[in-house]
Amino acid sequence: MNEYRTHTCGELRADNIGSTVKLAGWIHRKRNLGNLCFVDLRDHYGITQCVFDSSSDLFDTIQNTRVESVIGIEGVVVARESVNKNMPTGDVEIKVSALTIYSEADVLPIQVFGEGNEPEELRLKYRFLDLRRERIHNNIMLRSKVIAEMRKLMVEQGFTEYQTPILTASSPEGARDFLVPSRINPGKFYALPQAPQQFKQLLMVSGFDRYFQIAPCFRDEDPRADRSPGEFYQLDMEMSFVTQEDVFAVMEKTMGTIFKKFANGKTVDEAPFIRIPFREAMLKYGSDKPDLRNPLTIDDATDFFNNSGFSVYDEKAKNGEQIRAIRLPNAGNKPRSFFDKFDAFAKEEGFGGMAYVAFADGTVKGIAKFFNEEKLRELKNKFAMDEGDAIIFMGGKKINKFAGIVRNKLGEALDLFDKNAFKLCWVVDFPFYEENEETGAIEFSHNPFSMPQGGLEALNNKHPLEILAYQYDMVCNGVELASGAVRNHLPEIMYKAFEIAGYDHSIVDNKFGGMINAFKYGAPPHAGCAPGIDRTVMLLLDEPIIRDVILFPLNGKAQDLMMQAPNTVTEEQLKELHIAIDLPKE
RNA sequence: GGGGGUGUAGUUCAGUUGGUUAGAACGCUGCCCUGUCACGGCAGAGGUCGCGAGUUCGAGCCUCGUCGCUCCCGCCA
């Protein structure tokens, strides 16, 4: 190959026996038997065993060179006396005749060999070592393959990648911006894009038709296990002269292929993925990101509790509270403690309790004793109950979300999740507006730039809370993978939409002038979507922590412990920017 | 901003109702070992028990405060 190596450490096989080779890499492990020293030499491609003999004058040197030092060796490939079937290069080893130490390693703060369950703080501080470890190294490699495949799939479907600005304007909606001071414009700030949203729409106005970008996005919000602090990447896409279904078709092809290609044995839903209207998702799954690996669904049981005999829930229903039911197939013989545990959970969460009915061994348990025979028949019919089944009831205000949590807990407790599947769906028909709980005001529920279903007519004639948006999320196994919308490209509708939310013309022009102005000069109908790349990789790898699929993530306080960012800057730098630091006392 | 968890050797952890010199494994140092592959064996170094105060004859352990980390809620598509 070159003067450093003729082969990589993952390459040599029995066919190479007899040839003289040069390898270079890190000392992964050493096994010193006194007169014989085995060295596992590791590089990006794999591990090859090298043997040093005590008769060689290299023996002392290798003995004294610490693990994770970088060395180069030369020697003859020989057959092993004892083959190691667990490694691809396990048939051979190198009988070393020359050794070069390129870089000696100090005593390590974290071991590269092994599981690596040190605190994340330490792993991030020594991320360069952490990244040498097989698991993280492979995670990053898969991420790269996923991105390469995404590019290929998008290009194949007629999309072109464009770069949009990183230094841009602060947008008043959504998350907090990261700000960058401008030296040339004292007192003014750029913002890092929360997403290339406005630029990709402007690209449509400019006639580029099909855009995509592996786009960095920046949001100054607190992280979570599945939410990377500070920055993350999206497969951002937008297309002109299309409906929602056209976007779905492209994304189903792209994401469907990605999941199938990298699913690692798990099953993947075939396109088209099922569409679930938002309201149905909230009722049936208690979430706008339903985990369809869980077969349990939630029913509305409010009507059932009308003079049912069970006065607690009859009262709740009468008082305008909602009652939800979850049918549990074949759970009728669960012990009372099983149901009591959920009852206690509901009480804990402020929902009063959870009642149940269980049919088992010809008897019926739970609150069934309050029902007469007719009501019991109605129960069986309405909720499709059979002998051996159970059903659990809960009620209260804002019950949907709670029912969703219970659905997940029940699914876990009954071990119903199909752990070997990627279940993909679209949640569609998000409401355009929602009511502010405290003030009662009408507000945009998500993106104000999406197209209301029914257009201007709907805005003029429908009750705002009845209006739906052409807005959609792609959901996989309970994770919101992507969201997108058919955009509102008509200024007239935009002004009206904002008016309903309490913004007059001048405010809209002032805040969103850039985009609205462009729409006045011929804007095509357009729509788009943006799947999160970090989350996709996380799902594919079954990694619970998003930071483990990112090379150099910030920690929970948005700090880079290795590079020491953020950090203070010099007086001169601040002066040049006309910035004074005014920290709170304490 | 709020709630939960956690902090003991370089690392992962154990540490009994408060009781003598705080332990183990991995790592590190030295010695022995020619077929190992998580090599093995012997010996050794390594600790202000996060920090501060308090209770006590006596605190790693109890109390209060404080700091760090982490997970969740808020926030965030």
Side-chain angles (χ1 to χ4, degrees), chain A residues 28-42 47-56 59 63-64 66-68 78-87 89-91 93 95 105-126 129-130 173-177 194-195 197 217-232 234 236 288-289 349 401 405 427 430 444-450 471-475 479-485 528-532 534-535 544-547 555-559 561 586:
Chain A
H28 188 62
R29 295 289 275 181
K30 276 196 296 182
R31 291 175 294 281
N32 191 342
L33 277 63
N35 282 315
L36 199 61
C37 183
F38 296 99
V39 169
D40 290 338
L41 192 63
R42 183 195 74 238
I47 291 177
T48 300
Q49 176 166 285
C50 306
V51 196
F52 292 77
D53 198 287
S54 63
S55 61
S56 150
F59 196 77
Q63 271 202 81
N64 293 322
R66 222 175 258 123
V67 160
E68 292 305 314
V78 297
R80 284 203 196 185
E81 276 183 34
S82 49
V83 164
N84 186 339
K85 289 198 161 46
N86 295 324
M87 50 198 293
T89 62
D91 286 333
E93 64 192 12
K95 208 167 149 51
D106 215 331
V107 174
L108 301 165
I110 61 175
Q111 285 173 249
V112 170
F113 178 84
E115 284 307 305
N117 57 338
E118 296 88 359
E120 197 178 35
E121 195 184 0
L122 200 65
R123 289 179 47 212
L124 291 182
K125 184 169 178 190
Y126 298 99
L129 292 177
D130 195 35
E173 293 292 318
R176 268 186 284 264
D177 286 314
Q194 295 181 23
Q197 182 66 36
C217 305
F218 306 89
R219 284 170 198 167
D220 186 7
E221 295 294 346
D222 289 1
R224 288 284 183 278
D226 65 347
R227 212 163 71 199
S228 167
E231 57 184 73
F232 62 96
Q234 286 182 343
D236 196 42
D288 60 357
K289 37 186 190 229
E349 297 292 317
K401 205 177 163 194
I405 292 166
V427 176
F430 278 80
F444 291 109
S445 58
H446 289 286
N447 185 339
F449 302 112
S450 58
Q471 205 161 47
Y472 36 84
D473 283 359
M474 184 191 276
V475 175
V479 174
E480 180 195 311
L481 254 198
S483 64
C529 192
D534 313 86
R535 281 189 183 174
I545 306 289
I546 203 164
R547 295 180 292 273
N555 73 357
K557 289 188 89 179
Q559 298 160 332
L561 300 172
E586 266 182 294

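Sequence lines set the chain letters: A, B, ... in the order given, protein chains first and strands last, and positions in each chain run from 1. Nothing here was measured: the structure is a model prediction, and the numbers come from that model.
- Residue A:E118 is classed as a sugar-phosphate contact, given heavy-atom separations below 4.0 Å to backbone atoms only.
- B:G7 sits 12 Å from B:C13 when the C1' atoms are compared, rounded to a whole Å.
- If you check B:U70, B:G74, B:C37 against the side chain of A:R224, the one that comes closest is B:G74.
- When distances are taken from the side chain of A:L36 to each of B:G35, B:G68, B:G74, the shortest belongs to B:G35.
- Separation of the P atoms belonging to B:G2 and B:U11 is 30 Å when rounded to the nearest angstrom.
- B:G19 and B:C57 make up a base pair, with Watson-Crick or G-U wobble contacts both under 3.5 Å.
- Between the side chains of A:Q471 and A:N447, no donor-acceptor pair is found at a separation under 3.5 Å.
- B:G46 and B:A9 have their C1' atoms separated by 6 Å, with the value rounded to a whole Å.
- Under the 3.5 Å distance criterion, with hydrogens and angles disregarded, a donor-acceptor pair is assigned to the side chains of A:Q49 and A:R31.
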Set out, line by line, the N/O atom pairs under 3.5 Å between protein and nucleotides 29-31 of chain B.
residue	atom	partner	partner atom	Å
B:U29	OP1	A:R66	NH2	3.4

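- In this structure B:A24 sits in a base pair with B:U12, meeting the Watson-Crick or G-U test at under 3.5 Å.
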* List the steps and the verdict of side chain to side chain contact (heavy atoms under 4.5 Å, CB included) for A:V78 and A:E93. => CA-CA 6 Å; A:V78 297; A:E93 64 192 12; 3.5 Å; yes
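- Contact annotation: side chain of A:R80 to base of B:C37, donor-acceptor pair present below 3.5 Å.
- Comparing the P positions of B:A24 and B:G15 gives a spacing of 15 Å, expressed to the nearest Å.
- For the pair A:R29 and A:F113, the cation-pi test (distance below 6.0 Å, angle within 45°) is passed.
- Note: CG (A:D222) to P (B:C73) measures 11 Å, nearest angstrom.
- Remark: A:E118 does not engage A:K125 in a salt bridge, criterion side-chain N to carboxylate O under 4.0 Å.
- The base of B:C37 has none of its N or O atoms less than 3.5 Å from a complementary donor or acceptor on the side chain of A:R29.
- Atom CD of A:E120 and atom C1' of B:U12 are 16 Å apart (whole Å).
- Comparing the P positions of B:U63 and B:U70 gives an interatomic distance of 26 Å, to the nearest angstrom.
- Between the side chain of A:Q49 and the base of B:U36, at least one donor-acceptor pair of N or O atoms lies under 3.5 Å.
- Residue side chain A:N35 does not reach the base of B:C33 through any donor-acceptor N/O pair under 3.5 Å, judged by distance alone.
- In the set B:C75, B:U70, B:G35, the nucleotide with an atom closest to the side chain of A:R547 is B:U70.
- Looking at heavy-atom distances under 4.0 Å, A:R227 makes contact with a base.
- Looking at A:I110 and A:D130, their side chains come closer than 4.5 Å, going by heavy atoms from C-beta outward.
- Remark: P of B:C67 and NZ of A:K557 are 10 Å apart, rounded to the nearest angstrom.
- Heavy atoms of A:I110 sit nowhere under 4.0 angstrom from any nucleic acid atom.
- Put simply, the side chain of A:Y126 reaches to within 4.5 Å of the side chain of A:L122, judged on heavy atoms.
- In the interface, the side chain of A:E93 is paired with the base of B:G35 through a donor and an acceptor atom under 3.5 Å apart.
- The partner of B:C64 is B:G52, judged by Watson-Crick or G-U wobble contacts that both fall below 3.5 Å.
- Pair assignment for B:U34: none, as no Watson-Crick or G-U wobble contacts are both less than 3.5 Å.
- Each of B:C76, B:C33, B:C37 was ranked by its minimum atom distance to the side chain of A:N32; first place goes to B:C33.
- Side-chain proximity of A:K401 to the nucleotides B:C37, B:G74, B:U36 is greatest for B:G74.
- Atom CD in A:E121 sits about 16 Å away from atom P in B:C67, given to the nearest Å.
- When the nucleotides B:G74, B:G10, B:C71 are ranked by their closest atom to the side chain of A:Q111, B:G10 comes out on top.
- For the P atoms, the distance linking B:U16 with B:G35 amounts to 45 Å, nearest Å.
- Looking at the side chain of A:N84, the nearest of the listed nucleotides B:U11, B:C76, B:C37 is B:C37.
- The minimum heavy-atom distance linking A:A558 with A:P229 is given by the pair CA-CB, 4.5 Å.
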* Asked: Does the side chain to side chain contact (heavy atoms under 4.5 Å, CB included) test come out yes or no for A:R547 and A:E120, once each step is laid out?
  -> CA-CA 10 Å; A:R547 295 180 292 273; A:E120 197 178 35; 2.7 Å; yes
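- Among the nucleotides B:U11, B:A38, B:U36, the one closest to the side chain of A:F113 is B:A38.
- With rounding to whole Å, A:D106 atom CG is found 13 Å from B:G27 atom C1'.
- Of all nucleotides listed (B:G27, B:C71, B:U11), B:C71 comes nearest to the side chain of A:I545.
- When the P atom of B:C28 is taken as reference, atom CG of A:L108 falls 8 Å away, rounded to whole Å.
- Atom C1' of nucleotide B:C37 and atom CZ of A:F52 are separated by 15 Å, given to the nearest angstrom.
- Remark: A:R31 is not in phosphate contact with B:U36, judged by side-chain N or O atoms under 4.0 Å from OP1 or OP2.
- A distance of about 12 Å separates the P atoms of B:A59 and B:U20, rounded to the whole Å.
- Inspection of the A:D177 and A:Q194 side chains reveals an N or O donor paired with an N or O acceptor under 3.5 Å.
- Candidate nucleotides B:A38, B:C71, B:G35 were compared by shortest atom distance to the side chain of A:E81, and B:G35 ranks first.
- When each of A:G34 and A:S82 is assigned the nucleotide of RNA chain B with its nearest heavy atom, A:G34 is the one assigned upstream, toward the 5' end.
- Between A:I546 and A:R535, the closest side-chain pair of non-hydrogen atoms falls below 4.5 Å.
- For the pair A:Q559 and A:V83, nearest-nucleotide mapping onto RNA chain B gives the more 5' position to A:V83.
- The nearest whole Å value for the distance from the CD atom in A:E231 to the C1' atom in B:C76 is 16 Å.
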